[in-house]
Every structure is written in C-alpha cells, then in structure tokens.
Amino acid sequence: MAGYREHVSVSGLCGVCYGVSAGYAFGFTPVQGALAGSLTWVAGMLPDLDSDTGKPIREVFSLVAAVVPLVLMRRLEEWCGGDREAAVLAAIGVYAAVRYGAAAVLSKLSVHRGMFHSIPAMLIAAELVFLAYRSDSPAVKALMAGGVAIGFLSHLVLDELYSVEWTGIRVRLNKAAGSAFKLVGRSYVPNVFTWTVLMFLTWLTLADAGLIRDADLPSPPPALRQAADEALERL
C-alpha cells in the first residue's frame, strides 16, 4: 500500500500537470487552472478519509474541511441571500461539520479499503464538486470535477501498483490487490448505498448540466394522471 507521502506527491504532480494543461491547452484562466490543480492535489488524499486515526488522517480532514467551505462559498452567499457575513458564518459551520462531525461518523461507519476506495466513490466525489461549485459555465464546473476525479484516481492506481510485489524475477500480488480499483466491495449494504447515491447524484449532475430536462423524463400513464387529478380536486 502506498504511503501518505507518496499519495501527496503523486496527486500534487497530477495537479500541476492538470492545471497547466487547463490553461495552455483548453483556454481556461490561470486562476481556474490553479484552482483545478489544487483540487486535484487535495482529492488525491480523499480515499484515505476512512483510515484509522493518525496524524496524516487528521491533516487530511483539516485540509478537506478548509477546502469544502471555499468551494461552497458562492453557493453559501446565494443561499444566504447575498449576505456575506451570514455566508462566512455558514462557512464556519460547514468547516466544523466536516472537520469534527464527518470525521466522527466515518470513524464509526467506514472500513478502510471499503467502498471509499472504489470507482463509484471517485465519481461521487467528482459529481459533488460539480454540483457544489457555483459557475455560469458548465465547462468550468466540469474542470473542477475532473480535477477531483483525476486526483482520486491517482490514489486508487497508486494503491494497486503498490500491491504488486517483486521477488526476484517473480511477480506476486499481496492481499491488498484489487481492494482499491473496484466497482463493488464485499459487503452488500455499502454497495447498495454507494450505488444509490451515485445514481442520484448522476441524475442531478446531468440535470444541472442541462443534459436532461423534465421533458426527457417518461410521462406517467393516463390512468395515473387522472387519479392524481381527481385526488387534487378532492383536496
């Protein structure tokens, strides 16, 4: 299994490459590229939020708790009706909720190398950023979400690479092989929960990006519509 320093270094390198590429190859502003690269770096540590307690994990939670309110700031201002002081207060509340509340919940409910280390978890993290980041440009939102996906993926790939052991000319996989780069885990309930969340967030993401509309959804049968109208009339 790769260590904390390896994950930080690799995701940081991915963040630099991603941010520079966003500016030079895809026409995003330097600030947007730098922010996307920073999110890539932070996302490289996200899968280990389910690890046992320790100094590196406390550092990761502190960093994530600080980044989440920053990503949400424009949303918070919007939800607070443009009141900046209220938005700052809400940001402090978000920090405390992530830093202490989420840490306490994960420590009791999660299992290291469970569904936190999986492809569905990577997609969930990316979609949450897409939905949380306030921008009029879907391309900018996709840039931020893509950075999170790349950083998260770097962690999973690195864990799988470290599961390969070389003994002379022979290659052997240790017991951690396949535990990171997976679609489902060993437990039924976490699998169902993770995939349910992923499907719900995917629907929200597609709707937010304008790729699906209410008109795209199947209409209810005429009998069901008639029954609903009659129920409304009785009210």
With a 4.5 Å cut-off on side-chain heavy-atom distances among I, L, V, M, F, W and Y, is there a chain of contacts connecting [X] to [Y]?
X    : Y    : value
V140 : L39  : yes
L206 : V197 : yes
L128 : Y95  : no
F200 : V129 : yes
I212 : L204 : yes

Indicate the atoms forming the closest heavy-atom contact of [X] with [Y], along with that distance.
X    : Y    : value
G44  : S154 : CA-OG, 4.3 Å
A132 : L72  : CB-CD2, 3.5 Å
P120 : W195 : CG-CZ2, 3.6 Å
F130 : A209 : CZ-CB, 3.9 Å
A125 : L46  : CB-CD1, 4.3 Å
A91  : M73  : CB-CE, 3.7 Å

Criterion side-chain contact (heavy atoms from CB on, under 4.5 Å) on H117 and D159, from CA distance to verdict:
CA-CA 9 Å; H117 282 72; D159 276 349; 3.3 Å; yes
State the [atom1]-[atom2] distance between [X] and [Y], to the nearest 0.5 angstrom.
X    : Y    : atom1 : atom2 : result
R99  : I92  : CZ    : CD1   : 16.0 Å
L131 : T205 : CG    : OG1   : 4.0 Å
M144 : S135 : CE    : OG    : 7.5 Å
L153 : T40  : CG    : OG1   : 11.0 Å
L89  : D83  : CG    : CG    : 9.5 Å

Under the 3.5 angstrom rule, does the side chain of [X] hit a backbone N or O of [Y] as a donor-acceptor pair?
X    : Y    : value
N191 : V184 : no
S187 : V189 : no
R74  : R134 : yes
E77  : R84  : no
E160 : V157 : no

Any heavy-atom pair between the side chains of [Y] and [X] that's under 4.5 Å?
X    : Y    : value
T202 : E127 : yes
L198 : T194 : no
L13  : S9   : no
F152 : L123 : no
L35  : Q32  : no

Can you check side-chain contact (heavy atoms from CB on, under 4.5 Å) on L76 and V88, steps first, answer last?
CA-CA 8 Å; L76 293 175; V88 172; over 6 Å; no
In terms of the angle between their ring planes, are H7 and H155 parallel, tilted or perpendicular, with boundaries placed at 30° and 60°?
parallel
Just jot down the salt bridge (Lys or Arg N to Asp or Glu O under 4.0 Å) partners of R75, sequence neighbours excluded, or say none.
E78
Is it the case that K141 places NZ or CZ above or below the six-membered ring of Y133, under 6.0 angstrom from the centre and within 45 degrees of the axis?
no
Residues 16-25, side-chain donor-acceptor partners within the protein, below 3.5 Å, at least two apart:
from	atom 1	to	atom 2	distance (Å)
Y18	OH	L143	O	2.7
Y18	OH	G147	N	3.3
S21	OG	C17	O	2.7

